[in-house]
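The chains referred to below are lettered A, B, ... by the order of the sequence lines, with proteins before strands, and numbering in each begins at 1.
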Amino acid sequence: MTEKFEKPYNPQETEKKIYSLWEESGFFNPDNLPERHKNPFTIIMPPPNANGSLHAGHSLFIALEDLMIRFKRMQGFKALWVPGADHAGFETQVVYEKKLEKEGRSRFKMDPKELYDEIMQFTLDNKSFMEGQIRSLGASCDWSRERFTLEPKIIKTVHETFRQLSSDGLLYRGERLVNWCSKHQTSLSELETDSEEKEDKFYTFQYGPFQIGTTRPETKFGDKYVVMHPNDERYKEYKHGQKIDLEWINGPITAIIIKDEAIDMEFGTGAMTITPWHDATDFEIAKRHNLDYEPVIDFYGKLLPIAGPEFEGKNITVAREEIVKKLDEKGLLIKVEENFKHNVKVCYKCNRPIEPQVKSQWFINMKPLAQKALEAVERGEVKFVTERHERIFKHWMENIHDWNISRQIIWGIPIPAKICDECGEGIVDLDDTITKCSKCGGKVKQDTDTFDTWFSSGQWPFATLNFPEEKDFQEFYPTDVMETGHDIIFFWVARMIMFGIYRTGKVPFKTVYLHGMVRDGRGKKMSKSKGNVINPITISDQYGTDALRMALLVGNAPGTDMNLSEDKIRAYKKFANKLWNITRFVLDNTKDLEEVDLDSEKIKSLRNSKPELLNLEKIISEITEDMENHRFHLASEKIYHYAWHELADKIIESIKETIESTETQLMIFDILQKTLKVLHPFMPFITEEIWSSLPIQNKKLLLIERWPQSL
RNA sequence: GGGCGAUUAGCUCAGUUGGUAGAGCAGCGCAUUUACACUGCGAAGGUCGGGGGUUCAAAUCCCUCAUCGCCCACCA
């Protein structure tokens, strides 16, 4: 027995060495693979946000994608796994702002360029740190093709898509109601807001002859339209457009009656006043009837001059009670209903209420894009694992809204457009040559906004493969599998399908495999404050990467959240050790064999006669089928069960008597080498390490050995 | 208000096309210095949330109820 087969197995010493061995071999790059690897198999890695270190969710996607890539590589595919890093616009800016806050600084007091450069440095530092972590988890991705979302070539692709959307009439700049976060000082897409059930007071005020209900008295200053349903009998004496003089917060005003079917007659009194600038429903009503609208609250959540000298400049949360008090004193407060439950939109990052604001932004008309994507899915060009997610995807796509892609943050890809000072027109300008407004001839200035980061991520598959000009695109697009978390099915997957088809005419990937969230051993969300975070790097140092990967794979059904406990990881560390000891036994007892020729007639005839080998063949073909059908949670369990409870517990025990015979030795050796091959995509380090010690003729790296598929 | 998922051993979860249930951990008895104590052997433990239906046969398909969870939605 060689010296290195001391017990027990020590992953720390092995893993770094093995990874270098792989990297130096060049086989992560499909162009360097041997002749037999002809047909491409491609996965584009979901680029991790370069704003922190890897968490348990990252280790899951690495385990899954590396599993698929290694399996396909062994099967003889020209396997390409493209790594990358995401600048992660808003996400990273939020992380960096927290850092600034801790240091007593603020982004609003910084020169934009200085801020940008600082975040860039922060991102690049995190990026290289993360690359090391991805390596330590054993990812067999092609580092020579690594991409970053802010590199010039990617930006060029993204800009070109923007231009094309514009010339195809799918892009428009419009004054729309946007989701404004007063803390982060940017607009957000629908997906970037959460809905929270809140209990508030519901006020009823006397508004001329009407009683109107509201939860937001602080928005009522500018309200001069009172709306009711056209069929409401209670108000039939009032005509649409009729003017009424009445007493309001700051004195007498003239209100106008509007009849609109959006009003629910059952709710409250069936009459309400509208604040189009700060409410989506109201905005729709105002647009339908061509009504005036003006802002009441500024971008910082403070009341504007329209509120009158008494209230101007006051924070809305403070002003609310004061306004109610004033209305009460004027005898206009009818009643206050406590504990009124309603849903409030909040910023998904800071949970502060979203203040809708009317703002000029770039919007994409999504319906035509969604239509084509739906058709492609309908035709089966993209398949979802699981089917349930396909339904979820379709439902969202069928009800898609226009997408605001403008963000008022510095950290992102600049929007290549000019905005007219005079008329507000937006003009797409990739080459920075436009100086006059094409509509009114007025002066223009550069749009200072950046793209929603998902606008660029949505183009990732074809952008990373250098669409349209280079050979990678020709060879590897459409890619085979997109593996990512089910939580970003709308944010990312849906947009990739739409943009992929839009730009290239082809779907970006054939299969979408969605994994669930990784929770702690008790099913709780991991969070620093709960102290239940499993750091993959610490874990892999402690138990070995192979153990961590197995713990993430076994029994983890696609699309379902999984619980990861240290106990489970520990169990697979034991398994690694078991495998180690199986090898010790086999090598110790097969010294007669010298260099084994795995293609010899002797072995072939054993494979046709020994029940143990026939049985193994059957199990391998089951596992292969599971692998082909994305049932990794079953495949991993089967090979685990085989190695421990069949090979170790039964076969080895039963041959101890006959181990002197060459035939038995050959058989057990063959079982071991096949088991290692099947285990390799799951537990790459230990299997490669053991493989390096096996006496086999014309041995290659296990990384590129043939998958022992029967048939 | 719509849609979806879950409910299986003490705990956390698997169970591919229906053929009378599995893993990890915990726990019980025994064994053993063994390739492996990061061990082996054995036993125990579940009327697969309740009820109804289809079937020769249901954890698996259908209906219904209950509890929990998630997503989507402009009701002031």
For the pair made of [atom1] in [X] and [atom2] in [N], what is the distance, rounded to whole Å?
X	N	atom1	atom2	answer
A/Phe585	B/rC38	CZ	P	21 Å
A/Ile686	B/rC36	CD1	P	15 Å
A/Lys573	B/rU39	NZ	P	11 Å
A/Leu552	B/rG24	CG	P	17 Å
A/Asn399	B/rC4	CG	C1'	15 Å
A/Leu647	B/rG40	CG	C1'	15 Å
A/Phe393	B/rG5	CZ	P	18 Å
A/His645	B/rC36	NE2	P	19 Å

Checklist entry - How would you list all residue pairs meeting salt bridge (Lys or Arg N to Asp or Glu O under 4.0 Å) that involve residues 545-561 of chain A, not counting sequence neighbours? => result A/Asp66-A/Arg549, A/Arg519-A/Asp561
Next on the checklist: Strictly by salt bridge (Lys or Arg N to Asp or Glu O under 4.0 Å), give each pair with a member in residues 632-641 of chain A just once, sequence neighbours left out.
Outcome noted: A/Glu622-A/Lys638, A/Asp626-A/Lys638
Next on the checklist: When you measure from the side-chain N and O atoms of A/Lys578 to the phosphate of B/rC38, is any distance below 4.0 Å, counting only OP1 and OP2?
Outcome noted: no
Checklist entry - Taking OP1 and OP2 of B/rG5, is either one under 4.0 Å from a side-chain nitrogen or oxygen of A/Arg388? => result no
If you measure from the [atom1] atom in [N] to the same atom in [M], how many Å do you get, rounded?
N	M	atom1	result
B/rG52	B/rA21	C1'	23 Å
B/rG40	B/rU33	C1'	13 Å
B/rU12	B/rA26	C1'	11 Å
B/rC4	B/rG10	P	32 Å
B/rC75	B/rG1	P	12 Å
B/rG19	B/rA59	P	10 Å
B/rA9	B/rC28	C1'	15 Å
B/rA23	B/rG45	C1'	15 Å

Under the side-chain contact (heavy atoms from CB on, under 4.5 Å) test, which residues partner [X], sequence neighbours left out?
X	answer
A/Thr658	A/Ile655, A/Thr664
A/Lys341	A/Glu197, A/Glu199
A/Glu338	A/Lys201, A/Val336
A/Thr386	A/Arg388, A/His389, A/Pro558

Polar contact flag, side-chain donor to acceptor under 3.5 angstrom, [X]-[Y]:
X	Y	answer
A/Asn10	A/Glu13	yes
A/Gln371	A/Glu398	no
A/Asp452	A/Trp403	yes

Checklist entry - In residues 648-663 of chain A, what residues come within less than 4.0 Å of RNA chain B, judged by heavy atoms? => result A/Ala648, A/Asp649, A/Ile652, A/Glu653, A/Lys656
Checklist entry - Considering only heavy atoms from C-beta outward, does the side chain of A/Leu548 approach that of A/Tyr543 to under 4.5 Å? => result no
Item to check | Heavy-atom protein contacts under 4.0 Å, nucleotides 67-76 of chain B, coded B base, S sugar-phosphate only, - none | outcome: -----SBBBB
Checklist entry - Can you give one letter per nucleotide of nucleotides 10-19 of chain B, 5' to 3': B if a protein heavy atom sits under 4.0 Å from the base, S if only from the sugar-phosphate, - if neither? => result -SSSSSB---
Item to check | Inter- and intrachain pairs under side-chain hydrogen bond (donor to acceptor under 3.5 Å, both in side chains), touching residues 283-294 of chain A, at least two apart | outcome: A/Lys224-A/Asp292, A/Asp260-A/Arg288, A/Asp260-A/His289
Checklist entry - Can you say whether the rings of A/Trp707 and A/Phe71 are parallel (under 30°), tilted (30 to 60°) or perpendicular (over 60°)? => result perpendicular
Checklist entry - What class does the angle between the rings of A/His645 and A/His641 fall in, given that below 30° is parallel, 30 to 60° is tilted and above 60° is perpendicular? => result tilted
Checklist entry - Checking side-chain hydrogen bond (donor to acceptor under 3.5 Å, both in side chains) for the pair A/Thr215/A/Asp200: CA distance, chi angles, key distance, verdict? => result CA-CA 7 Å; A/Thr215 52; A/Asp200 275 315; 5.7 Å; no
Let me check something: any side-chain donor-acceptor pairs from residues 665-675 of chain A under 3.5 Å, sequence neighbours excluded? List them with distances.
| from | atom 1 | to | atom 2 | distance (Å) |
| --- | --- | --- | --- | --- |
| A/Gln665 | NE2 | A/Asn589 | O | 3.3 |
| A/Gln665 | NE2 | A/Asp592 | OD2 | 3.2 |
| A/Gln665 | NE2 | A/Ile659 | O | 2.9 |
| A/Asp670 | OD1 | A/Arg607 | NH2 | 2.7 |
| A/Asp670 | OD1 | A/Gln673 | NE2 | 2.8 |
| A/Asp670 | OD2 | A/Arg607 | NE | 2.7 |
| A/Asp670 | OD2 | A/Arg607 | NH2 | 3.4 |
| A/Gln673 | OE1 | A/Lys677 | NZ | 3.0 |
| A/Thr675 | OG1 | A/Ile671 | O | 2.7 |

Next on the checklist: Students often get this wrong, so: under 4.0 angstrom with heavy atoms, is A/Arg391 touching a base, only sugar-phosphate, or nothing?
Outcome noted: sugar-phosphate
Next on the checklist: Need one value for A/Tyr640: base, sugar-phosphate or nothing, where a base atom within 4.0 Å counts as base even if backbone is also close, heavy atoms only.
Outcome noted: sugar-phosphate
Next on the checklist: For a stem of at least 3 consecutive Watson-Crick or G-U pairs with distances under 3.5 Å, i pairing with j, i+1 with j-1 and so on, which stems involve RNA chain B?
Outcome noted: B:1-7 with B:66-72, B:10-13 with B:22-25, B:28-31 with B:39-42, B:49-53 with B:61-65
